[in-house]
Amino acid sequence: MSEKIIEGVTDALNAEAVTAASQGEPEWLATRRAEAWAVYEDTPMPTTRLEEWRYTDLEEKLDLAALALGSAPAIADDPAAYPAEVREAMDADHEASGHLVMVDGHVVHTDIDDSLAAKGVVLSSLKAAVETHPELVQKWLATEAVPATEGKFPALSAALWTDGIFLYVPRGVRLDLPVRVTRYYAEEGVATFSRALIVAETTSQVSYVDEILGAEMEKQSLVSTTVEVVTQDGAQVQYVAVQRMGKGAFYQSHQRTLAYRDSTLDTLNVNLGASVSRVDLNAQLLGPNANSDMLGLYFGDEDQHFDHNTSQDHVSPHANSDLLYKGALDGKSKAVFRGIIRVHPGAQQTDAYQTNRNLLLSEDAVADSLPNLEIAADDVKCSHGATVGQLSEEELFYLQSRGIPKQIAERLVVMGFLGEVLSRLPLGGVVEKVTRAIDEKLHGPALLD
Amino acid sequence: MSDTPFLTIRNLHASVAEEELQILKGVDLELKAGEIHAIMGPNGSGKSTLSKVLAGHPGYEVTEGEVHFQGEDILEMEPDERSQAGIFLAFQYPVEIPGVSIANFLRTALQAHSEEELDLFDFQDLLLEKMELLEMDPAFAERPVNDGFSGGEKKRNEILQMACLQPALALMDETDSGLDIDALQIVANGVNKLKEENPEMTVLLITHYQRLLNYIKPDFVHVMFDGRIVESGGPEVALRLEQEGYRDWKEAEAAG
Ligand SMILES: Nc1ncnc2c1ncn2[C@@H]1O[C@H](COP(=O)(O)OP(=O)(O)O)[C@@H](O)[C@H]1O
Ligand SMILES: [Mg+2]
């Protein structure tokens, strides 16, 4: 009998690591991890032969065998001990209902408004929630949203996650201010697996902003995050992730949103940092009048690589989804967008749209866009569109003819182009932060503040 | 009006940068400060090209000749430098800039024209005043530049920008086309008002029609044909063109 080669099992990522991660955990969770690990072992490493990975060659981009598991100690829950970037990001924030701070995979701080806590709102580390809210975590963690069977990375995450974010909003409770998460990754040469689980009960409402920061890295680290968002009937959730990690990082995020009857579940993924950024986002429209706006923004420079893989699953009739992903690419950066709208049999009166637009700022930048439709119902409104364009000479000349120097003219055009995305989900503070971060990448000083 | 040459164009030749297509074939023109000149000419004679070359459009290459503005050679200057030096082009076809509001655009432009930091309240006052002059709804300021505007709205927006930037030289390329008679009067009044406030402002009007010249009275009228100025005179030239068109030149061209 020949020895079976199990892809992706390394000195650090192996069955012993799963056992270690399960230490002290309830039986159900240890079992779930072990089952996930079995799926991982049985799942081949994605290659470019798979349509969904055609443009991101893991063999070239990710050296899994070189990664250890994160071992940085948890820092103190004291702003003075936080990395400067975390403090700056939090200082620049507007008001919030609650905060969570995560550094190198450790949740080091959580707070939530007292009156909300009294109403049963929970914002905590996922690890803590296993103890405090076992029934909720058991019901939703890696089950209906992103189970291990989704793929190689979801299986790895379900087996080896160390901590994460748990947000629970009980029936009818509405949060006026967003919940803000600030994360920071600096440990080099490691793999970190975190998860976010957000459950919004019937007619509740919450917005969640996850700011993912990090240091420049000489040795690659894998920052893996799995995101599960559930909106029950009539609930409203806004999920925002702003990834501004340092170069050197491989950011991998697998996200699924479950939108039930009459709910609104909007997402915004902003990707500005990391060397490689791969986001899989699947929106499930599971009840009539469910509505998902799916927004995305990316800005690449140097040799950054972005891969967005989205899908809109219209399982229920009479639901809407509207996707708009826009990116600007400078330097030698590359972006691929692959999106599919799937209208399932019987999902009549679906309204589903998908648009991806790219602006190339340099001759060496590349964008590939692959929109797709798969429609198994006849009474639907669906459209998809993709463009890849360059800065228009006429637009720049027009602005310059008003006295605006070329560099600032370019900045205006780029911000105007990308601004459409932010204006669709203008959460307090996010627009300003993202605008400033893009300014920094454009190297151009803003003429106005 | 002073006698010093304000804008001197000599033997200007220009072609489309990428195609070696010659469009301007030796334009000569001299404007003194404070004068109003009109250029008329059939479609395709090179009027817009002349205006864009003066503003520094990178799509055209000057192959011969020179342009001096207030004594300075401007041909090597970037478009933004020319604007800052006081040249303004009201485009025949204004460009849409999606996602950039008129207010943000104009504030950026005015800041670029100013050494000191622009006061936000002063800017807002200026913008409102000029919008009122051109009978524009203040809500317009928040709309993206020219995006989804009607032809008339675009033209009015050009003059709004001109009013805010207060140029020394205004090149107005067919600002009258696409305007109905009411809008034409508003725009013309706006230009005349600016001229009253700043008598030294020099204007070069490009138009097809005598109509505009009833409202903005030129001191000189030039005829452009096939990339050259072929006749210059007083306002009577415009009246004659209105009657006769460009027959003489067309016949001459046909005769070779
Ligand atoms: N960028 C360009 N590329 C190709 N042809 C051009 C370009 N710009 C102008 N032309 C040509 O040059 C001639 C003059 O154009 P234009 O200056 O717009 O004339 P006018 O404004 O007098 O109607 C026309 O034949 C036009 O087609
Ligand atoms: Mg023209």
Side-chain angles (χ1 to χ4, degrees), chain A residues 270 295-297 299 324-328 355-359 361 385 387 389-426 431-432 434-436 438-439 442 444-449, chain B residues 17-18 51-60 77-91 93-114 117-118 120 123 142 144-147 154 157-158 160-162 164-167 171 173:
Chain A
V270 177
L295 302 165
L297 186 162
F299 187 108
L324 176 66
Y325 271 59
K326 277 187 154 186
T355 307
N356 173 232
R357 299 201 187 290
N358 296 281
L359 187 59
L361 305 179
T387 55
Q390 268 122 31
L391 276 178
S392 139
E393 191 178 70
E394 294 304 322
E395 285 179 34
L396 293 178
F397 173 62
Y398 188 71
L399 295 168
Q400 278 188 275
S401 77
R402 273 43 178 156
I404 300 172
K406 187 162 188 180
Q407 212 184 25
I408 292 167
E410 285 182 0
R411 178 189 169 274
L412 271 180
V413 172
V414 171
M415 293 310 298
F417 172 77
L418 296 176
E420 183 191 0
V421 171
L422 299 175
S423 70
R424 293 257 305 263
L425 216 169
V431 177
E432 292 89 328
V434 171
T435 304
R436 213 171 310 129
I438 293 172
D439 265 343
L442 278 167
L447 196 56
L448 306 173
D449 45 45
Chain B
E18 276 159 16
S51 71
K52 286 192 263 185
V53 166
L54 292 176
H57 193 294
Y60 300 96
M77 286 162 72
E78 292 294 314
D80 48 302
E81 294 169 330
R82 298 186 200 200
S83 165
Q84 290 173 22
I87 298 176
F88 182 91
L89 168 61
F91 283 55
Y93 302 109
V95 180
E96 302 183 2
I97 315 284
V100 179
S101 71
I102 289 181
N104 186 17
F105 166 53
L106 268 174
R107 206 177 136 217
T108 309
L110 276 162
Q111 182 64 73
H113 277 252
S114 164
E117 187 156 347
L118 191 67
L120 181 56
F123 166 70
E142 291 315 314
V145 178
N146 296 323
D147 194 1
K154 285 182 180 171
N157 185 29
E158 292 297 287
L160 172 69
Q161 294 168 43
M162 180 171 135
C164 289
L165 292 170
Q166 300 174 326
L171 310 168
D173 190 359

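Proteins get letters first, then strands, A, B, ... in listed order; numbering begins at 1 in each.
Looking at B:His57, its side chain never comes within 3.5 Å of a backbone N or O of A:Ser401 through a donor-acceptor pair.
Rounded to the nearest 0.5 Å, atoms CG (B:Leu106) and CD1 (A:Ile404) are 8.0 Å apart. In this structure, CD1 in A:Ile408 is found 8.0 Å from OG1 in B:Thr108, a value given to the nearest 0.5 Å. Distance CD/A:Glu395 to CG/B:Asn146: 10.5 Å, rounded to 0.5 Å.
Counting heavy-atom pairs under 4.5 Å between each of A:Gly419, A:Ser423, A:Gly416 and chain B puts A:Gly416 at the top. Counting heavy-atom pairs closer than 4.5 Å to chain A, the top-ranked of the candidates B:Met162, B:Glu81, B:Gln84, B:Lys52 is B:Gln84. Contact count versus chain A (heavy atoms, under 4.5 Å) is highest, among B:Val145, B:Leu89, B:Ile87, for B:Leu89.
Nearest heavy-atom pair across A:Phe397 and B:Gly56 is CE1-C, 3.6 Å. Scanning all heavy atoms of the two residues, the minimum distance from B:Glu158 to A:Arg402 falls at OE1-NH2, 2.7 Å. In plain terms, the two heavy atoms of A:Gly403 and B:Ala112 that are nearest each other are O-CB, 3.1 Å.
The number of heavy atoms from other shown groups lying within 6.0 Å of OH (B:Tyr93) does not exceed 12. Heavy-atom contacts from other residues, nucleotides or ligands closer than 6.0 Å to CD of A:Gln390 number 12 or fewer.
No part of B:Pro167 comes within reach of chain A, as not one of its non-hydrogen atoms sits under 4.5 angstrom from that chain. Both the backbone and the side chain of A:Leu399 come within contact range of chain B, with heavy atoms under 4.5 Å apart.
Note on ring orientation: taking the six-membered ring where Trp is involved, the planes of B:Phe105 and A:Tyr398 are parallel (angle under 30°, cut-offs 30° and 60°).
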